[in-house]
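First up is the structure itself, then whatever we jot down about it.
Note: hydrogens, waters and symmetry copies are ignored here, and every other heavy atom, side chains too, is used. Whatever order the structure lists ligands and atoms in, that order sets their numbers, starting from 1.
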Amino acid sequence: MSEKIEQLRHDWSQQEVASLFSLPMNDLLFKAQTVHRQHFDPNQVQVSTLLSIKTGACPEDCAYCPQSARFDTQLEKEKLMAVEAVIEKAKAAKAAGSDRFCMGAAWRSPHARDMPMVLAMVKGVKDLGMETCMTLGMLDSEKSQQLAAAGLDYYNHNLDTSPEYYGEIITTRTYSDRLETLQNVRDSGMKVCSGGIVGMGEQEQDRMGLLRQLANLPQHPDSVPINQLVKVKGTPLESVNDLDPFEFIRTIAVARIMMPKSYVRLSAGREEMSEEMQSMCFFAGANSIFYGECLLTTPNPAANKDQALFSKLGINSKHQVTQQPQRLNELLKNTTANANELFYSAV
Ligand code: SAM
Ligand code: DTB
Ligand code: SF4
């Protein structure tokens, strides 16, 4: 690659980010793809498996979230899963070739009484030889250190939107609470996964503000999930206007340019996206997805759809296993992990 590899920057001004957003689309995509190729194999996409280990009844008021106890979303709540059940799901994900297992809980922050179970989950999944990720809400430094000591590789905690728009979306925790959690995670030595949601009725300047906050952290998040809002009936955002798809793609491209070495995850919202749009997102620098028919509580594209898309685009995932489709079909019964298995049979 002839173009010089630029230093990572942590001093982006709003004006500079605005200049990126306002580039002609072809120029923006070319720039993003050029940066992408300096740091990553352009045909490689990292695939993670998600599992909701504790569902619903969350005390927080995040306006997008189907799991908040404050909204009637008809979601069936579930207690914290048993450690063995989580490990079984992780085993299935590993058998399918998944390299990272992400466990999410609908908590404001984990209670001390839940930590032994959570730590056992981390250890159990690690012992399978998988990378581990958790998203459990706010963490203080003690809990961060406990998770790090148990072997947790990544902690996901999103900034969600710009500081300016944040108050329209969440009132039960502050932006600085979120930044503090990210600092605690970093200080404990874990990798940081942090991104946000677009399509929540925010302005373009808020998408700029979100990316600016992420890129101006002392260290870029290792993984940056860009979620498109999944509109769930019963949440305050159920009827918000759709975001122009090109705006979503621009957000991915600008994230790639600002955080050149981070994995940018084309996260929630793929169920609503055409294959062409997803492929533009990969061209814009997205190199990670959640794979499986369910995210935490909402649908994600079917296994065979993603498998067909990857195949059409010549995209490889990190770990590929070859198993017989009949065996995979037997296993494929509505779990994310089993959906993974079908997927990996075909790529
Ligand atoms: N309760 C923990 C927390 O909020 O930190 C962890 C789980 S929470 C569901 C993880 C992330 O999922 C949120 O930060 C948000 O960015 C994303 N999310 C939740 N509901 C969503 C939706 N309807 N559409 C897109 N992303 C969503
Ligand atoms: C992230 O940024 N997106 C994932 C993961 N981190 C935990 C969650 C998306 C949730 C979408 C709504 C749901 O399925 O409940
Ligand atoms: Fe609770 Fe997390 Fe949903 Fe907010 S995003 S309501 S903290 S589960």
Are the side chain of [X] and the backbone N or O of [Y] linked by a donor-acceptor pair below 3.5 Å?
X	Y	value
Y165	M200	yes
R270	N300	no
R70	P59	yes
E271	G269	no
N156	T135	no
Q67	T297	no
K54	A106	yes
N287	V45	no
N227	G196	yes

How close does the nearest protein non-hydrogen atom get to [atom], and which residue and atom is it?
atom	value
atom 8 (S) of ligand 3	A106 CA, 3.6 Å
atom 11 (C) of ligand 1	N158 ND2, 3.8 Å
atom 17 (C) of ligand 1	I197 CD1, 4.1 Å
atom 1 (Fe) of ligand 3	C58 SG, 2.2 Å
atom 4 (C) of ligand 2	F290 CE1, 3.6 Å
atom 24 (N) of ligand 1	V230 N, 3.0 Å
atom 7 (S) of ligand 3	R173 NH2, 3.3 Å
atom 6 (N) of ligand 2	N156 OD1, 3.2 Å
atom 3 (Fe) of ligand 3	C65 SG, 2.3 Å
atom 6 (C) of ligand 1	T135 OG1, 3.1 Å
atom 15 (O) of ligand 2	T297 OG1, 2.6 Å
atom 12 (C) of ligand 2	T298 OG1, 3.6 Å
atom 3 (N) of ligand 2	N227 OD1, 3.0 Å

Determine whether more than 12 heavy atoms belonging to other residues, nucleotides or ligands lie under 6.0 Å from atom [atom1] of [X].
X	atom1	answer
Q203	CD	no
Q33	CD	yes
H10	NE2	yes

Which is it for [X] and ligand 1 at heavy atoms under 4.0 Å: side chain, backbone, both or neither?
X	value
T235	neither
M103	neither
L296	side chain
A105	backbone
M138	neither

- Query: Does any N or O atom in Y64 lie less than 3.5 angstrom from one in ligand 1, N or O only?
  - Reply: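 Right, the criterion is met.
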
- Query: Backbone or side chain, does any N or O of W107 fall under 3.5 Å from an N or O of ligand 1?
  - Reply: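 So ligand 1 has an N or O lying under 3.5 Å from an N or O of W107.
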
- Item | Enumerated ligand 1 atoms positioned under 4.0 Å from heavy atoms of H157 |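 Once the distances to H157 are compared, the set is 5 (O).
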
- Message: I'd like to check which ligand 1 atoms, numbered from 1 as shown, lie under 4.0 Å from a non-hydrogen atom of D160.
- Response: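 Near D160, meaning under 4.0 Å from one of its heavy atoms, ligand 1 has 14 (O), 15 (C), 16 (O).
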
- Task: Considering the heavy atoms of Y64, write down every atom of ligand 3 situated less than 4.0 Å from one of them.
- Result: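 What qualifies from ligand 3 is 5 (S).
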
- Task: Establish, for the pair R100 and Y154, whether the NZ or CZ atom is under 6.0 angstrom from the six-membered ring centre and no further than 45 degrees off its axis.
- Result: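 Yes, R100 lies over the aromatic ring of Y154.
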
- Task: Compare G137, S52, G196 and give the one whose heavy atom is closest to atom 5 (O) of ligand 1.
- Result: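 Looking at heavy atoms only, G137 sits closest to atom 5 (O) of ligand 1.
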
- E247 vs V198 side-chain heavy atoms within contact, under 4.5 Å: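 Answer no - side chains too far apart.
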
- Task: Taking atom 14 (O) of ligand 1 as the reference point, report whether a protein heavy atom occurs under 4.0 Å from it.
- Result: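 Answer yes: something from the protein, a heavy atom, is under 4.0 Å.
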
Would you say [X] contacts ligand 2, with heavy atoms under 4.0 Å as the rule?
X	value
P66	yes
S267	yes
Y64	no

- With heavy atoms of P225 as the reference, note each atom of ligand 2 found under 4.0 Å away.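 What qualifies from ligand 2 is 2 (O).
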
- Query: Under 4.0 Å from any heavy atom of T135, which atoms of ligand 2 are there?
  - Reply: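 Matching atoms, with element in brackets: 7 (C).
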
- Name of the residue among R186, K261, K191 meeting side-chain hydrogen bond (donor to acceptor under 3.5 Å, both in side chains) with D222: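 The residue from R186, K261, K191 that satisfies side-chain hydrogen bond (donor to acceptor under 3.5 Å, both in side chains) with D222 turns out to be R186.
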
- Query: What do you reckon, does R173 put a non-hydrogen atom under 4.0 Å from ligand 1?
  - Reply: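 Yes; R173 lies near enough to ligand 1 that a heavy-atom distance drops under 4.0 Å.
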
- Message: With a cut-off of 2.8 Å, does C62 put an N/O/S atom close enough to atom 4 (Fe) of ligand 3?
- Response: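 Yes, within the cut-off.
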
- Query: Between L296 and ligand 2, does any nitrogen or oxygen pair lie at a separation below 3.5 Å?
  - Reply: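 Right, the criterion is met.
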
- Message: Pairs of nitrogen or oxygen atoms closer than 3.5 Å, one from N158 and one from ligand 2: do any exist?
- Response: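 There is such a contact, yes.
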
- Query: So, K233 and D72, do they make that salt bridge, N to O below 4.0 Å?
  - Reply: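 Salt bridge flag = no for D72 with K233.
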
- Query: Is the F310 ring parallel, tilted or perpendicular to the F282 ring (thresholds 30°, 60°)?
  - Reply: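 Perpendicular, since the angle between the ring planes exceeds 60°.
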
- Message: Tell me the closest heavy-atom pair linking T235 and V232, and the distance in Å.
- Response: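 Heavy atoms only, the tightest pair is OG1-O, 2.6 Å.
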
- Message: For S194 and N158: C-alpha separation, side-chain torsions, deciding distance, then whether side-chain hydrogen bond (donor to acceptor under 3.5 Å, both in side chains) applies.
- Response: CA-CA 4 Å; S194 187; N158 292 336; 4.6 Å; no

